[in-house]
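Proteins come first, then strands; the chains are lettered A, B, ... in the order of their sequence lines, and each starts at number 1.
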Amino acid sequence: MADYNHKDIERFWQNYWKENNTFKTTTDQSKPKYYVLDMFPYPSGAGLHVGHPLGYIASDIVSRFKRLKGFNVLHPMGFDSFGLPAEQYAVQTGQHPAITTEKNISRYKEQLDNIGFTFDWSREVRTSEPNYYKWTQWIFIQLFHSWYNKATDKAEPIQSLIEKFEKEGNSKVNAACDEETPVISVEDWKQMNEKEKLEFLLRYRLTYLADTMVNWCPALGTVLANEEVKDGFSERGGFPVVRKKMSQWSMRISAYAERLLQGLETIDWPEPMKDMQRNWIGKSMGAELLFKVEGKSTEIKVFTTRVDTTFGVTYLALAPEHELVSELTTPEYAEKVKEYIEIAGNRSERDRMSDVKTISGQFTGAYAINPFKDEKIPIWIADYVLAGYGTGAVMAVPSSDTRDYAFAKHFNLPIIQVQEGEGTDISQENFDPKKGTMINSDFLNGLPVKEAIQKAIAFVEEKGLGKGKINYRMRDAIFSRQRYWGEPIPVYYKDGIAYSLDEKELPLVLPEIDEYKPTETGEPPLGRAKNFKTKEGYPLELNTMPGWAGSSWYFLRYMDPKNEDRFVGKEKEKYWNQVDLYIGGAEHATGHLLYSRFWNKFLFDLGLVTSDEPFKKLINQGMIQGRSNFVYRINGTNKYVSYGLKGNYETTAFHVDVNIVQNDVLDLEAFKKWRPDLADAEFVLEDGKYNCGHEVEKMSKSKYNVVNPDDIVDQYGADTLRLYEMFLGPLEQFKPWNTQGIEGVYKFLRKLWRLFFDEKGGLKVTDQAPTPEEFKALHQTIKKVEEDINRYSFNTSVSTFMICVNTLSELKSNKKAILQDLLIVLSPYAPHISEELWKVLGNKESITYAQYPKWEEKYLIEDSFEYPISINGKLRTKMTFSLDTTPQEIEKSVLASEQVQKWLEGKTPKKIIVVPKKIVNLVI
RNA sequence: GCGGAUGUGGCGAAAUUGGUAGACGCACUAGACUUAGGAUCUAGCGCUGCGAGGCAUGGGGGUUCGAGUCCCUCCAUCCGCACCA
């Protein structure tokens with residue numbers, strides 16, 4: 001055994017772990033449990049780059065650490081294997097997505113295994129496997145058969161709702177349901193036929209079929225969820241998205257808005273992540289106010305957070321899509337209104353957003369009555385009013401709202417001041433709508449804003465003009481996708497009414513089809529399947545579930561992945577309870593993480609899971625970015641100029657493969673061979689070298705800056721990769737990958753190796769008793785690393801290891817007692833080399849079964865301490881005292897010392913501060 | 001516009017409770033051993049000054065014996081949301 005040979009060592013231990021099932025986890029009641037989870041990946045065709053394993057390495061360190069600490073650790077991995085790219089590929093090539101997916105998964109597993117993770121692969125889940133999605137469909141059915149009872153504040157079986165209808169109608173039912181649900185009596189209910197009853201129940205079900213405005217992406221041929229649309233374009237592919245009304249399945253997540261908000265207080269997540277969810281849920285408290293329309297019986301309902309300003313309302317504004325628009329519009333304005341709606345409707349979402357400053361609107365000819373003072377106000381339609389928020393109608397108070405103000409100015413509408421005091425003038429810079437006291441507002445005059453709001457709401461409710469209302473921005477989640485590669489929705493249609501499949505019929509397996517495209521008649525791809533019907537011959541739902549369906553509960557399946565009778569066994573669920581630590585990217589804030597919390601809360605309501613919140617602690621790992629290199633071609637030639645000289649020429653920059661660049665210096669020969677057109681390239685060099693430019697960008701194939709972990713593992717080993725990724729900086733931070741620095745970590749491992757072997761490869765470890773210095777080095781390391789892991793500061797641990805090994809090298813230490821414990825502490829970070837050296841020391845069992853050593857204070861205590869002596873906070877000198885010297889004695893000696901007397905220049909200090917083991921400060 | 005974060009050497013970064021700022025690593029410089037070094041070891045490495053010293057944590061101010069850390073203010077960069085009534 002001469003040199004540190006990572007290849008042999010890592011191959012050996014990875015096989016050993018596999019053969020011995022070292023990381024197979026069972027439910028072990030005798031040990032405390034710990035559940036560490038990574039966000040499972042979508043297996044893309046590009047494979048892993050060095051950025052992907054970052055979070056997995058961190059979670060693996062925690063897993064190994066917790067094991068050594070005596071915990072029974074669940075650390076699983078799986079694949080979010082339904083998804084668009086595989087389907088797009090299928091559309092183009094005709095290759096079944098299952099085949100592509102399978103291929104990508106095996107590539108991913110191979111790459112992951114190379115890094116030496118502790119994943120228990122026997123628990124692997126794949127969302128696209130029928131034995132998994134059977135239970136995704138099952139949860140869908142549970143949601144379909146449930147409603148949300150606001151009185152008990154939880155989901156209940158739909159049967160309990162039916163019973164209520166039969167007994168007392170729906171007037172006393174306080175449920176999360178459609179806005180326009182009519183009030184029905186017992187008689188009404190009893191007179192309905194089955195079809196009518198089922199249609200009525202859809203208004204209450206937690207997953208329901210409804211005509212909804214959706215984000216339709218013509219290029220992808222599917223609808224997209226709000227968070228899948230960015231600035232009017234699809235997140236994947238960047239295709240335009242339009243608004244369209246379609247019959248779609250939706251999830252009534254709005255029923256859980258308040259609990260999703262409240263739950264955030266109970267979990268340990270990064271504050272920005274919670275804020276994003278709060279923002280998304282968008283709770284605002286205010287009131288709904290009814291405005292009578294002059295000469296008509298209709299009323300317009302508006303939502304406002306500022307009822308107190310009602311005396312300042314000078315017009316009403318409706319969204320162009322508002323349902324009352326056509327009814328209200330007077331004949332003489334009909335033409336103009338129609339025109340305006342057309343223009344507004346044709347403007348794409350993107351136009352509307354990028355064009356915030358353009359003010360447009362149209363008077364309808366109708367007037368409403370201000371309920372607070374019986375005054376006529378004009379009704380306008382305006383596209384600054386959103387149909388999807390509140391009631392789609394706004395009471396405009398130009399003196400208190402900047403948009404209303406701009407609109408009023410533009411169309412010369414009156415402005416009534418209702419607040420006075422500093423900051424209440426809307427035309428001024430310092431305008432703050434919450435400042436000042438009320439004026440021109442009758443019974444509210446003289447009140448500050450906060451009190452005025454309360455009094456106004458009370459007034460509104462007393463007079464029956466409306467009611468206090470909490471409004472949430474979060475909409476229900478559209479659940480239908482017109483795609484092939486997703487879970488079939490377990491629903492069939494009889495007489496045009498949706499029925500859920502019987503649980504016994506699950507899984508409803510994805511049928512084979514000839515082509516992965518919509519049908520000629522515009523039906524989703526499943527419309528191509530032959531005989532896609534129930535046994536009785538009823539047609540099945542042709543839409544599939546969205547990507548987030550399978551990922552909304554996978555963390556539960558890991559607890560009991562093979563269970564064929566339940567989505568997760570009761571006992572096992574109770575034991576593993578909740579994910580203790582969840583590591584993943586921040587981009588899932590308003591998607592996956594919100595949906596998972598929703599489904600988990602629903603399952604909790606049904607008594608199927610133990611915990612109300614699925615993820616106790618969440619950490620967002622930062623992305624590892626690429627560091628791209630550039631060459632500069634002189635325009636019109638095949639000549640390339642070095643970075644420092646490019647100013648002398650007209651050049652164009654090109655990405656160059658980072659693998660043929662070292663320290664920003666280009667390998668000229670490799671460059672010529674890189675592409676055929678570069679074979680006769682010429683160069684303008686600096687000091688005989690070609691220096692490349694560089695930039696930090698996202699890692700991507702097209703930028704030639706992708707670093708494959710396999711290459712790093714091959715050259716330096718998995719342990720080096722693991723240590724280096726941690727060493728790069730704080731886990732949460734975004735940071736560029738820089739292969740240069742990896743040498744330092746690699747050197748550290750070789751230095752560690754040399755603590756065990758001499759130059760000739762002979763083992764030089766002895767059984768001698770360690771010295772106090774050696775104990776100190778070890779125990780400082782144990783203490784520091786343990787603290788680091790507990791606060792997820794993995795980067796500082798790596799430094800600690802380096803310092804420890806440097807110290808031991810300097811001490812020429814080779815004591816078994818020290819080295820053995822050091823290996824245990826190091827093993828979560830660098831498991832392969834630790835196991836190998838552990839074995840070299842003569843240990844029979846794998847290091848995984850060892851106990852994490854305890855740090856002991858007695859080894860850390862020094863007998864003396866060098867105190868910095870400062871005068872008025874300025875460091876002047878240093879003096880050493882033994883630790884048992886009392887502060888009084890230190891004071892005395894410091895004052896007596898010649899040096900300090902020199903600094904004091906005969907003055908007596910006013911104050912002397914002695915901070916034990918910190919500092920002595922004299923204040924003159 | 002609203003919300004959130006971040007700002008420390010040439011670079012990645014440490015500094016956990018206010019207590020010797022820059023640990024550890026990269027890069028760089030010099031030296032040793034070497035036929036050689038992309039191996040190893042030793043030393044140096046914030047700025048400034050011959051030196052004692054002085055100045056330094058985005059800028060300015062404050063609290064304190066003492067501030068990277070706490071408070072105020074301004075600036076820059078990044079991220080999220082964005083006509084949310």
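- Rounded to whole Å, the C1' atom of G7(B) lies 24 Å from the corresponding atom of G19(B).
- Ring to ring, Tyr724(A) and Trp737(A) are close: their centroids are under 6.0 angstrom apart.
- Contacts of Asp432(A) classified as salt bridge (Lys or Arg N to Asp or Glu O under 4.0 Å), with partners at least two apart in sequence or in another chain: none.
- Checking Asp404(A) against Glu866(A), the closest nucleotide of RNA chain B that is more toward the 5' end is the one next to Glu866(A).
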Protein and nucleotides 65-67 of chain B: nitrogen or oxygen contacts under 3.5 angstrom:
unit_1: C65(B); atom_1: OP1; unit_2: Lys911(A); atom_2: NZ; d: 3.4
unit_1: C65(B); atom_1: O2'; unit_2: Gly873(A); atom_2: N; d: 3.3
unit_1: C65(B); atom_1: O2; unit_2: Asn921(A); atom_2: ND2; d: 2.0

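- Nucleic acid contact for Arg627(A): none, since no nucleic acid atom lies under 4.0 Å from a heavy atom of the residue.
- Under 4.0 Å is where a charged nitrogen must lie from a carboxylate oxygen, and between Glu743(A) and Lys747(A) no such pair does.
- Evaluation of the ring-ring contact (aromatic ring centres under 6.0 Å, His included) rule for Phe801(A) yields Tyr829(A) as partners, not counting sequence neighbours.
- To the nearest whole angstrom, the two C1' atoms, one in C41(B) and one in U34(B), are 12 Å apart.
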Next on the checklist: Before you tell me yes or no, could you show the steps for Asp788(A) and Phe794(A) under side-chain contact (heavy atoms from CB on, under 4.5 Å), namely the whole-Å CA-CA distance, both residues' side-chain angles and the distance that decides it to 0.1 Å?
Outcome noted: CA-CA 6 Å; Asp788(A) 286 343; Phe794(A) 305 101; over 6 Å; no
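- Between C71(B) and U63(B), the distance separating the two C1' atoms is 7 Å to the nearest Å.
- Closest to the side chain of Gln733(A), out of A85(B), G19(B), A13(B), is A13(B).
- Going from atom CD1 of Ile789(A) over to atom OG1 of Thr796(A) covers 9.5 Å, rounded to the nearest 0.5 Å.
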Next on the checklist: Walk along nucleotides 22-28 of chain B from 5' to 3' and tag each nucleotide B, S or - by protein heavy-atom contact under 4.0 Å, base first, then sugar-phosphate.
Outcome noted: -BBSSS-
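- Distance check on atom P: G49(B) versus G4(B) gives 45 Å, rounded to whole Å.
- For the pair Met285(A) CE and A85(B) C1', the computed distance is 16 Å after rounding to whole Å.
- Side-chain atoms of Asp275(A) lie closest to G3(B) of the nucleotides A13(B), G3(B), G19(B).
- Under the 4.0 Å criterion applied to side-chain N and carboxylate O atoms, Arg278(A) and Glu265(A) are assigned as salt-bridge partners.
- In this structure, Asp401(A) places its CG atom 14 Å from C1' of C2(B), rounding to the nearest Å.
- Residue Asn691(A) contributes atom CG, which lies 15 Å from atom C1' of G10(B) at whole-angstrom precision.
- Atoms CH2 (Trp280(A)) and P (A82(B)) sit 6 Å apart, rounded to a whole Å.
- Listed for the Lys735(A) side chain is a donor-acceptor partner under 3.5 Å among the backbone atoms of Pro730(A).
- Not a single donor-acceptor pair, N or O on each side, falls under 3.5 Å between the base of U20(B) and the side chain of Lys918(A).
- With ring centers used as reference points, Tyr746(A) lies 6.0 Å or more from Phe748(A).
- Separating the C1' atom of G60(B) from that of G12(B) is a span of 30 Å, rounded to the nearest Å.
- Side-chain contact between Leu895(A) and Ile912(A) is present, with heavy atoms from C-beta onward closer than 4.5 Å.
- For the P atoms, the distance from G9(B) to G59(B) is 10 Å, rounded to whole Å.
- Comparing C75(B) with G66(B), their C1' atoms sit 28 Å apart, to the nearest whole Å.
- If Ser284(A) and Lys878(A) are placed on RNA chain B by their nearest nucleotide, the residue sitting closer to the 5' end is Lys878(A).
- Glycosidic conformation of G10(B): anti, with the torsion beyond 90° of 0.
- Between the OH atom of Tyr389(A) and the C1' atom of C81(B) there is a distance of 13 Å, given to the nearest Å.
- A salt bridge is defined here as a Lys NZ or Arg NE, NH1 or NH2 lying under 4.0 Å from an Asp or Glu carboxylate O, and Lys283(A) with Glu258(A) meets this definition.
- Note: Tyr315(A) and Phe411(A) fail the aromatic proximity criterion, with ring centroids not under 6.0 Å apart.
- Contact annotation: Arg473(A) does not reach the phosphate of C83(B) (side-chain N/O to OP1 or OP2, under 4.0 Å).
- Taking only side-chain nitrogens and oxygens, Gln277(A) never comes nearer than 4.0 Å to OP1 or OP2 of G80(B).
- Spacing between atom NZ of Lys735(A) and atom C1' of A13(B) amounts to 11 Å, rounded to whole angstrom units.
- Annotation: side chain of Cys804(A) is not in contact with side chain of Leu826(A) (no heavy-atom distance under 4.5 Å).
- With G80(B), G54(B), G19(B) as the choices, the nucleotide that has an atom nearest any side-chain atom of Val915(A) turns out to be G19(B).
- Look at CZ on Phe303(A): it is 8 Å from C1' on A85(B), rounded to the nearest Å.
- A heavy-atom distance below 4.5 Å is not found between the side chains of Pro398(A) and Phe407(A).
- Here Arg750(A) lies in heavy-atom contact (under 4.0 Å) with sugar-phosphate atoms only.
- Looking at the side chain of Pro730(A), the nearest of the listed nucleotides A13(B), C41(B), U20(B) is A13(B).
- Thr310(A) places a side-chain heavy atom less than 4.5 Å from the side chain of Leu289(A).
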Checklist entry - Given pairs defined as Watson-Crick or G-U wobble with both distances under 3.5 Å, what dot-bracket annotation applies to RNA chain B, with ( ) intrastrand, [ ] crossing, | other strand and . unpaired? => result (((((((..(((......[....))).(((((.......))))).(((....)))..(((((..]....))))))))))))....
Next on the checklist: Using the rule given for side-chain contact (heavy atoms from CB on, under 4.5 Å), can you reason through Thr304(A) versus Glu288(A), listing the C-alpha separation, both sets of side-chain angles and the distance that settles it, and then say yes or no?
Outcome noted: CA-CA 6 Å; Thr304(A) 178; Glu288(A) 267 176 7; over 6 Å; no
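- Going from atom CD of Glu725(A) over to atom P of A13(B) covers 14 Å, rounded to whole Å.
- As rounded to the nearest Å, A82(B) and G3(B) have P atoms that lie 16 Å from one another.
- For RNA chain B, the neighbouring residues in residues 783-791 of chain A, judged by any heavy atom under 4.0 Å, are Lys784(A), Glu787(A), Arg791(A).
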